[in-house]
J.: 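Submitted below is the structure of interest, expressed as structure tokens.
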Amino acid sequence: MTRGIYLDGHATTRPDPRVVAAMRPYFEDDFGNASSKTHPYGWRAEEAVTRARSQVAKLIHADPKEILFTSGATESNNLAILGALRGHSERGDHLITAATEHPSVLDVARAAAEQGAEVTILPVDGRGRVDPDQVRAAITARTVLVSIMAANNEVGTLGPIAAIGALCKERGVLFHTDAAQAIGKIPIDVLESGVDLLSISAHKIHGPKGVGALYVRRKNPRVLLRPMLFGGGQEKGLRPGTLNVPGIVGLGMALEIARNEMAGDSKRLAGLRDRLQKGFLDRITDLVINGDQEQRLPNNLNVSFSYVEGEALLLALDGVAVSSGSACTSEKREPSHVLKAMGVSDTMAQTSLRFGLGRFNTEAEVDAVVERVAQAVERLREISPLAQAAKAEGTEMVQSGSVHNTAPGGPREAGA
Ligand SMILES: *Cc1c(COP(=O)(O)O)cnc(C)c1O
């Protein structure tokens, strides 16, 4: 079985060979438990964990003491939100988040609401952006935490993190950001941006699955987290359980590579993404690029191909690994909650594919994908009654979104 061209980099990424090489010894001779204080096996494991903690801290300008290792961004999001609500319950019980967050934030918000918290879910505009003024207006005397993602995993829109961080500081409210997609793609500085809690996942940035981190600010203000798990006291008791040493080493290496190579990598990714986008716009009519055209991840492209069902397009796209909507919710086969929140109709949302480029993609792959998508869209439209009817009438399907295209070669701005 050939696996095909991998363009599903928002779901997961290929571990960098340097990451795999760094992890390997910790599966072999250096297999010790980082909590074992009585022998070199333990010491070597602990050294590796200490090194990884600095590697993670350095990328976001944090202190290593402010980094907790977790099983990934899902756990980090859970711990940040529930842990901060519980730890700061003397202040209140109000949480503010947004409609386009990852399920590991939105479902936590729902769980918190069931447990009695007051939850405000802010809307977004047609490009998927949260308005900082709406965040400000939603803050009450009982607000404990604002949780707004740094970059969206479906449409790539960046959150106005610095603006929200500043206003949270002003109002004395904690600010959490899910940076699973942003880490290693855009520079993030927790001091400059006023972030108090930040979630990281290794496997979204060419590291291993099942490991991540949570940044927890220690001063100005000191975040008081309450743990979700109880046990052996690791990670200051905030996240007990034997540390995943090989995974943590992989996370550290992935983030060190990101820190050294992000500038060049992101530029190259944006070049590939723009090539993919231009290829589609040149070859395919009636498409909409979803998300913000300026404040966006360099590696994301989310496109609605009018009249073509996304699932059918996926099947027709033999040899291209992409996803329709979000991989995390694709089992539900419901239109994407992100596109819905942006005002995209269910019909158009169902024609959407998400492309996620990564470090190992090439121009030749991008060109091959443009070709295959263009051919598949053309074939599917030939047998789509809707497409044929629209063609006969000379109408077009337009929706809220950033760019749509009715004639090859000519993108133009649509109302957001
Ligand atoms: C992938 C992802 C997560 C979940 O991360 P895991 O490490 O897989 O648990 C959370 N938030 C966003 C934005 C993501 O893209």
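Note that these values count all heavy atoms, side chains included, but never hydrogens, waters or copies made by symmetry.
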J.: Under a 4.0 Å N-O cut-off, is there an ion pair linking Glu46 with Lys37?
T.: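 A salt bridge is present here (some side-chain N lies under 4.0 Å from a carboxylate O).
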
J.: With distance as the sole test, does Glu101 use its side chain to make a donor-acceptor pair with the main-chain N or O of Met149 at under 3.5 Å?
T.: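 Yes.
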
J.: Are any of the side-chain nitrogens in Asp125 or Arg127 under 4.0 Å away from the carboxylate oxygens of its partner?
T.: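 Here Asp125 does not pair with Arg127 in a salt bridge, since their nearest N and O are not under 4.0 Å apart.
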
J.: Regarding Arg359 and Asp16, does a basic nitrogen lie under 4.0 Å from an acidic carboxylate oxygen?
T.: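 Asp16 and Arg359: salt-bridged.
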
J.: In terms of heavy-atom contacts, does CD of Gln115 have more than 12 from other residues, nucleotides or ligands at under 6.0 Å?
T.: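 Counting other residues, nucleotides and ligands, CD of Gln115 exceeds 12 neighbours.
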
J.: Above 12 or not: heavy atoms from other molecules or residues under 6.0 Å from CZ of Arg14?
T.: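 No.
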
J.: Is atom NZ of Lys340 surrounded by more than 12 heavy atoms (other residues, nucleotides or ligands) closer than 6.0 Å?
T.: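 No, not enclosed.
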
J.: Take atom CG in Asp318; do more than 12 heavy atoms of anything else shown fall under 6.0 Å from it?
T.: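 Result for CG/Asp318: open.
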
J.: Could you check whether Glu66 pairs with Arg217 (Lys NZ or Arg NE/NH1/NH2 to Asp/Glu carboxylate O, under 4.0 Å)?
T.: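 Salt bridge between Glu66 and Arg217, a charged N being under 4.0 Å from a carboxylate O: no.
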
J.: Using a cut-off of 6.0 Å, state whether more than 12 heavy atoms not belonging to Lys278 lie near its atom NZ.
T.: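 Check fails, neighbour count at 12 or below.
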
J.: Is the Tyr26 to Phe31 ring centre distance short of 6.0 Å?
T.: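 Here the rings of Phe31 and Tyr26 have centres that are no less than 6.0 Å from each other.
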
J.: Between Lys185 and Asp265, is there a side-chain N and carboxylate O pair less than 4.0 Å apart?
T.: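 So Lys185 does not pair with Asp265 through a salt bridge.
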
J.: Is a side-chain donor or acceptor of Ser76 paired with a backbone partner of Ala213 at a separation under 3.5 angstrom?
T.: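 Checked: pair present.
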
J.: Is it true that Glu261 and Lys267 have a side-chain N and a carboxylate O under 4.0 angstrom from each other?
T.: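 Salt bridge flag = no for Lys267 with Glu261.
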
J.: Run the ring pair (Phe, Tyr, Trp, His ring centres under 6.0 Å) test against His206 and tell me which residues pass, sequence neighbours left out.
T.: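 With neighbours one apart ignored, the set is Phe360.
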
J.: I'd like to know if Glu28 pairs up with Arg24 as an ion pair, taking the criterion as any Lys NZ or Arg NE/NH1/NH2 lying under 4.0 Å from an Asp or Glu carboxylate oxygen.
T.: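 Counted as a salt bridge, because a side-chain N and a carboxylate O are separated by less than 4.0 Å.
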
J.: Quick one: do Arg136 and Glu170 make a salt bridge, cutoff under 4.0 Å?
T.: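 Glu170 and Arg136: salt-bridged.
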
J.: Check side chain to side chain contact (heavy atoms under 4.5 Å, CB included) between Arg381 and all other residues, then give those that pass, not counting sequence neighbours.
T.: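 Here the qualifying residues are Ile284, Thr285, Asp286, Phe305, Ser306, Tyr307, Val308, Val377, Ala387.
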
